[in-house]
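To keep things clear, I will list the structure first and then write my remarks on it.
In what follows, every heavy atom counts, from backbone to side chain, and hydrogens, waters and symmetry copies are set aside. In what follows, chains are A, B, ... by sequence order, proteins preceding strands, each numbered from 1.
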Amino acid sequence: MPGAAVLALEDVSKSFGAVAALRGARLELRAGEAHALVGENGAGKSTLVKILAGVHAPDAGRVLLDGQPVHLDGPAAARAAGIAVIYQEPTLFPDLSVAENIFMGRQPLGGGRRIDRKELHARCAALFERLGVRLDPERPARGLSIADQQMVEIAKALSFDARVLVMDEPTAALSGVEVERLFTVARALRDGGAAVLFISHRFEEVFDLCDRITVMRDGQWVATDDAADLTVDQVVRLMVGRDVSSLFPKQDVEPGEVVLSVRGLTRRGVFSDVSFDVRAGEIVALAGLVGAGRSEVVRAVFGVDAYDEGSVEVAGRPLRPGRPAAAMAAGVALVPEDRRQQGLVMELSVERNATLTRRWQLARGGLLSSRAERATAAEWSTKLQVKAGKLADPVSTLSGGNQQKVVLAKWLSTNPRVLIVDEPTRGIDVGTKAEVHRLLSQLAADGLAVVMVSSELPEVLGMADRVLVMHEGRLVDDIPRARADEGSVMLAATGQGRTTAVAP
Amino acid sequence: MAVDTTPATPAGQAPAQRPRTASRLRLLGSGDAVITGVLVLFLVVAALTVEGFASARNTGFLLLDVVVIVLIALPLTLVIVTGEIDLSVASTVGLSSAVMGQLWFSGLPLETVIPLCLLLGAMLGAVNGFFVTRLGLPSLAVTIGTLALYRGLAFVVLGDRAVADFPRSWTTWAISGIGGTGIPVVVVPLLFLVLLTGVVLHATPIGRSLYAMGNSEDAARFSGIDVGRTKFWLFVVTGVVSALGGIYWTLRYGSARADNAQGLELQVIAAILLGGVSIFGGRGGLLGVLAGALLLGSVRNALQLENVPADVLNIVTGGLLVVAVVAPQVAARVRSRTRARPAGPPSAPPARPAPDAHPSTDPAAQVPADQRGNR
């Protein structure tokens with residue numbers, strides 16, 4: 001039975017440098033409700049959570065607790081206000097016991113101000129009792145499953161008498177049974193009068209658990225409605241702000257011959273027996289949950305990481321393992337997952353970054369001139385419409401979307417036959433995102449073989465000719481465009497789909 | 001997003017507001033300009049106030065003292081730009097000097113001894129490179145170890161003996177001047193090596209990859225740069241050049257001793273850091289290093305002329321080393337503070353301290369901001 005508003009955000013804005021993460025965000029949480037917050041990656045959900053958690057202070061706008069403005073100037077203040085945040089991957093002290101983790105800093109004290117272990121464990125057991133969780137308070141936190149770690153965090157929140165429980169994508173790494181248990185606990189807390197804020201990309205969970213849904217887009221509040229009055233289609237449309245089909249303009253291309261062929265690729269403990277083919281003109285998506293081993297596979301293909309078994313062939317010729325330079329010579333390009341660490345040398349200029357992959361080709365008689373570098377960089381930044389003040393400026397001064405364009409320029413200028421993109425649109429604005437999608441589609445139409453690792457299901461479904469799904473280091477499904485939908489991909493990704501061995 | 005709504009500036013064209021002086025300084029390698037200015041200033045003041053400083057004879061001595069420092073600083077600059085360090089260079093000088101003495105003593109001709117010593121240097125460098133790049137150990141720890149190890153081996157080879165009967169023709173050549181100028185003849189091949197290193201560092205694909213890996217090893221690897229192999233060969237080259245320094249040192253003083261060039265690594269590193277090369281890698285230029293070495297040598301030389309005792313010279317070297325490391329940090333902090341003030345309270349801390357992300361429009365503040373001579 002939803003009651004009065006416990007916590008509210010009013011027109012909250014927050015910028016990081018030139019990037020506006022939140023622009024007039026709104027949220028109202030009522031006692032006794034489960035409230036979903038949905039939006040695309042980069043919509044500002046995480047920033048909003050961090051404001052609630054007291055990690056960031058808003059630049060503008062107000063945070064209201066029971067109708068009174070509060071300043072959450074630090075995690076301690078948020079905790080004192082009764083706000084608890086459960087992150088996707090909790091950070092517990094691995095060597096301390098479960099009970100010590102829960103009561104860190106406020107352990108019950110016995111005689112001589114020593115920690116009263118008996119009381120500590122009794123209190124912890126009482127919390128677990130309330131949650132209906134079977135966990136030994138004395139065991140160390142190391143080795144707990146993610147689901148159990150979240151339970152420890154929830155128990156901690158309970159021990160603070162939290163009135164607002166924020167769960168930031170808690171189910172991303174959970175199995176079906178674990179999700180059910182988490183929801184049981186969340187419902188119990190909700191029925192006990194707490195407000196639960198649930199953030200997820202999985203719509204069936206959102207509709208299963210939540211009473212109301214708030215949609216965000218580009219850092220702004222879009223809508224808040226009762227879940228009963230909304231459909232998945234409506235929510236998606238609110239999230240992207242337009243029809244999905246126009247966002248992902250994949251052109252139909254008749255695939256050519258096989259360009260990239262991966263056979264039995266294995267890296268012990270990371271992925272095993274991965275085999276697939278990619279044809280010219282094809283966009284093949286690698287889908288799966290975070291940690292399924294997708295990035296690791298493409299890194300091994302490119303040669304940045306070593307692998308134990310298997311082979312990679314480009315246009316019928318075997319690729320030397322563990323040597324990115326050999327992969328580049330064979331026409332493979334990798335736009336890596338982490339733009340700031342792997343894609344770019346942030347301290348170097350735009351032009352140096354854009355030409356780093358072509359420095360030998362641009363040299364005349366072994367000598368590189370700044371003029372040649374600048375000319376090449378200028379050519380590509382015009383082609384990809386990179387918005388940069390000066391090409392001599394450090395690439396760190398560019399926005400995320402433009403940085404990603406520089407990474408793309410850096411690799412497209414090598415004239416590749418196989419383009420591997422790992423999370424190509426992560427953390428970039430919607431406008432640039434559409435440009436990247438159009439570009440990838442165009443490149444495939446021009447005969448490039450494109451491998452796209454993406455955690456964004458709409459992107460996968462909209463762009464890919466085929467979806468390869470990985471689960472726990474194995475390729476579990478190969479779904480053609482016609483059969484690919486949210487259900488089939490998600491089922492395979494969570495390991496519940498048909499686990500036919502994929503033999504290309 | 002605000003950035004994306006602005007019209008694109010024509011790519012590749014620098015807007016006109018860039019200060020002229022800054023672009024001119026950039027020709028010098030920007031940050032290098034500061035240290036070059038300090039050097040010129042010091043030379044002028046010393047010439048006017050220190051008796052005998054500007055004489056041809058003293059200039060010759062000064063240059064002879066600086067030759068080995070500059071020589072070893074060349075490869076070591078490349079090593080430091082990649083974010084590594086080699087502290088064993090002076091011990092390599094000592095060991096190759098000792099081996100040179102022992103081999104000459106046992107009757108081999110210098111024409112055979114010298115290549116053998118260079119080979120030895122390559123091997124000593126390869127040992128460093130192996131531990132750093134194959135076993136992934138930090139170069140600081142590895143080369144502290146080999147600093148002691150190589151020096152120890154030098155004493156094993158030669159003990160506390162000295163071999164001094166090298167042919168007069170070689171030893172006089174080592175200190176002879178060009179005509180009557182007092183400038184040593186070895187300056188000519190040295191200048192050639194300086195030029196070569198400068199070109200490699202600033203105008204070749206290799207140089208670009210050194211700056212890339214010095215700033216971000218990950219990003220360099222993802223760009224197809226073989227970081228391990230490059231660093232390995234840099235250590236080998238540093239070993240060879242250090243051995244060359246050992247050979248020259250021996251001829252110059254006409255004496256092979258195990259304790260030759262003890263502590264020289266501090267002077268070399270001080271010269272490099274004074275020249276504006278970042279100890280964290282990725283930043284700096286060779287011109288600055290050259291100026292740094294000359295400044296350090298001139299200061300020591302001027303103090304010697306003023307009869308300052310040797311202990312004080314070491315204090316000065318150490319002090320300059322500390323200044324070289326601390327000054328850029330302080331400058332960066334001052335800059336970020338002066339910039340933060342007009343912009344109001346700082347919004348979000350940058351992911352990594354990048355003080356020169358937004359160059360100040362004040363040309364005076366810009367000079368140290370661009371301590372990255374790789375343009």
Side-chain angles (χ1 to χ4, degrees), chain A residues 15-20 56 59 218 302 304 323-325 327-328 334 336 338 340-349 351-352 355-357 359-360 362-363 366-370 374-375 377-379 381-382 385-394 396-399 401-402 410 429 431-432, chain B residues 1-15 17-18 23 26 199-200 202-209 211-227 229 278 280-283 344-352 354 356-359 370 372 374-375:
Chain A
S15 296
F16 299 100
V19 182
H56 294 324
D59 297 338
D218 298 343
F302 185 65
V304 178
R323 294 197 56 87
M328 286 166 67
L334 171 67
D338 188 337
R340 303 175 61 86
Q341 293 289 326
Q342 304 165 339
L344 296 169
V345 183
M346 296 306 280
E347 292 83 358
L348 291 186
S349 64
E351 56 197 10
R352 286 284 153 84
T355 56
L356 194 56
T357 49
R359 58 195 196 285
W360 288 105
L362 290 176
L367 297 185
L368 259 180
S369 72
S370 293
R374 182 153 303 177
E379 180 194 332
S381 63
T382 309
Q385 296 174 312
V386 178
K387 280 145 201 156
K390 279 178 287 173
L391 291 175
D393 284 345
S396 56
T397 58
L398 268 53
S399 72
N402 282 303
K410 163 182 172 178
D429 59 289
T432 312
Chain B
M1 214 158 289
V3 180
D4 295 313
T5 51
T6 55
T9 20
Q13 285 174 23
Q17 74 254 23
R18 184 207 279 186
S23 55
R26 209 161 260 176
V199 167
V200 167
H202 295 296
T204 66
I206 298 171
R208 297 290 191 265
S209 66
Y211 283 107
M213 69 179 81
N215 277 307
S216 169
E217 195 169 318
D218 259 354
R221 284 197 315 125
F222 274 88
S223 302
I225 295 168
D226 195 332
V227 175
R229 182 183 297 193
S278 165
F280 304 111
R283 255 164 230 202
S347 48
R352 204 184 143 172
D356 40 3
H358 306 276
D370 281 316
R372 34 169 68 187
N374 53 327
R375 312 182 185 234

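Side chains of B/Ser216 and A/Met346 form no contact here, defined as non-hydrogen atoms less than 4.5 Å apart. Counting heavy atoms from C-beta on, the side chains of A/Leu362 and B/Arg208 never come closer than 4.5 Å.
Interface summary for chain B: among A/Lys410, A/Gln342, A/Arg323, the most heavy-atom pairs under 4.5 angstrom belong to A/Gln342. For the options B/Ser209, B/Ala219, B/Ala212, B/Gly207, heavy-atom pairs under 4.5 Å to chain A are most numerous at B/Ala219.
Residues A/Phe302 and B/Phe222 share a closest heavy-atom pair of CE2-O, 3.7 Å. What you find for B/Pro205 and A/Ala363 is that their closest heavy atoms are CG-CB, 3.8 Å. For the residue pair B/Gly224 and A/Pro324, the shortest heavy atom distance occurs at CA-CB, 3.7 Å. Across every non-hydrogen atom of B/Val199 and A/Leu367, the tightest pair is CG1-CD2, 3.4 Å. Here the closest heavy-atom approach between residue B/Ser223 and residue A/Leu356 is recorded as OG-CD2, 3.6 Å.
Legend: residues meeting side-chain contact (heavy atoms from CB on, under 4.5 Å) with B/Arg221, ordered by chain and number and at least two apart, are A/Val304, B/Asp218, B/Val227. Take B/Glu217 and apply the side-chain hydrogen bond (donor to acceptor under 3.5 Å, both in side chains) test, not counting sequence neighbours, and it matches B/Lys231.
For A/Leu344, the part lying near chain B is the backbone, with the side chain staying farther off; criterion is any non-hydrogen pair under 4.5 Å.
The CZ atom of A/Arg359 sits 4.0 Å away from the CD1 atom of B/Ile225 when rounded to the nearest 0.5 Å.
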